[in-house]
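Right, one structure below, let's go through it.
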Amino acid sequence: MIKKNLATVVAIGLALTMTFGPLTAKAESANKASVGSVAGDIDAGAEPTGVDETQEKKSEYYDEFTADALDQGCEVYATLPSSFTVKIPKTVILTGAANGSGAYTVEVSGDIAGDEVITVKPDDSVAMQQSGKTDVTATIAQTKTTWTVADAGLVDGLSTTGTITASGLTAGQWKGSFNFDISLAKN
């Protein structure tokens, strides 16, 4: 009974890993949305409403001026957090041949800061497994793995392709699982 339950738990764990494993993602913008200034920020002693935590600025006013010091500048700040969307494959099928191969598409879209980079990088390989046989290593190659604001069309979405190739597959049912490292970081 315990052996059967343990086998069931292990099978469920493997199924969850195979189903949810490829969805590794980590992304957080270093930019926090600024809060706009209001007319009341001029009130002395009051905490200003206008705050840009990322650039460490807040609404502030000059003291009174004399007639010879009227040409003063006013700095303006705004910070918007980055956001992006990534579409990655959940399942890729290799051709049923000794040198099986399959292709996939990755799509990235977003509005990111000028000093940030989006990375969508697959593992370099995936172990193709079949009970009773030695694992076969399939190689993974993806055309593009990083995106920046210099990539024209990023806001609307850009695609790249990848391939998975396994040499030495033999008769039977093979399967494997790999992950994508998805991140947003300073460039």
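These numbers were taken from a predicted model, which means no experiment stands behind them.
- Glu75 CD to Glu60 CD: the interatomic distance, rounded to the nearest 0.5 Å, is 8.0 Å.
- You'll find the side chain of Ile164 reaches within 4.5 Å of the side chain of Phe178, heavy atoms only.
- Between Ser34 and Thr79, the side chains place no donor N or O within less than 3.5 Å of an acceptor N or O (distance only, hydrogens not considered).
- Under a 3.5 Å cut-off, the side chain of Asp135 and the backbone N or O of Ala127 do not form any donor-acceptor pair.
- Judged by distance alone, with hydrogens and angles left aside, the side-chain atoms of Asp41 form a donor-acceptor pair with the main-chain N or O of Thr49 at under 3.5 Å.
- Taking the side chain as every heavy atom from C-beta outward, Leu94 and Met128 approach each other to under 4.5 Å.
- In this structure a side-chain-to-backbone donor-acceptor pair under 3.5 Å is missing from Asp123 to Ser125.
- The closest side-chain heavy-atom distance from Phe84 to Ile182 is below 4.5 Å.
- Taking the side chain as every heavy atom from C-beta outward, Val117 and Trp147 never approach each other to under 4.5 Å.
- The backbone N or O of Ala185 sits nowhere less than 3.5 Å from a side-chain atom of Ser183 that would complete a donor-acceptor pair.
- Atom NZ of Lys32 has 12 or fewer neighbouring heavy atoms from other residues, nucleotides or ligands inside a 6.0 Å radius.
- Residues Asn99 and Thr165 fail the side-chain proximity criterion, which asks for heavy atoms closer than 4.5 Å.
- Side-chain contact check for Asp124 versus Ile140: every heavy-atom pair is 4.5 Å or farther apart.
- For Asn31, there are no side-chain hydrogen bond (donor to acceptor under 3.5 Å, both in side chains) partners, not counting sequence neighbours.
- A side-chain donor-acceptor contact under 3.5 Å links Gln130 to the backbone of Ala171.
- When each of Glu56, Lys58, Lys57 is tested with Tyr77 by the rule side-chain contact (heavy atoms from CB on, under 4.5 Å), just one qualifies, namely Lys57.
- To the nearest 0.5 Å, atoms CD1 (Ile118) and CG (Asn187) are separated by 11.0 Å.
- Across all non-hydrogen atoms, the minimal contact from Ala39 to Tyr61 is O-OH, 4.3 Å.
- In this structure a side-chain-to-backbone donor-acceptor pair under 3.5 Å is present from Thr143 to Thr161.
- Scanning both residues, Val136 and Gly168, for their nearest heavy atoms gives CG2-O, 3.7 Å.
- In terms of modelled atom types and a separation under 3.5 Å, the side chain of Gln55 and the main chain of Ala78 share a donor-acceptor contact.
- Here the closest heavy-atom approach between residue Lys144 and residue Thr160 is recorded as N-OG1, 3.1 Å.
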Please output the side-chain donor-acceptor pairs of residues 103-115 that fall under 3.5 Å, not counting sequence neighbours, one pair per line with the distance.
unit_1, atom_1, unit_2, atom_2, d
Tyr104, OH, Gln142, OE1, 2.9
Asp115, OD2, Lys186, NZ, 2.9

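- No donor-acceptor pair closer than 3.5 Å links the side chain of Ser59 to the backbone N or O of Pro48.
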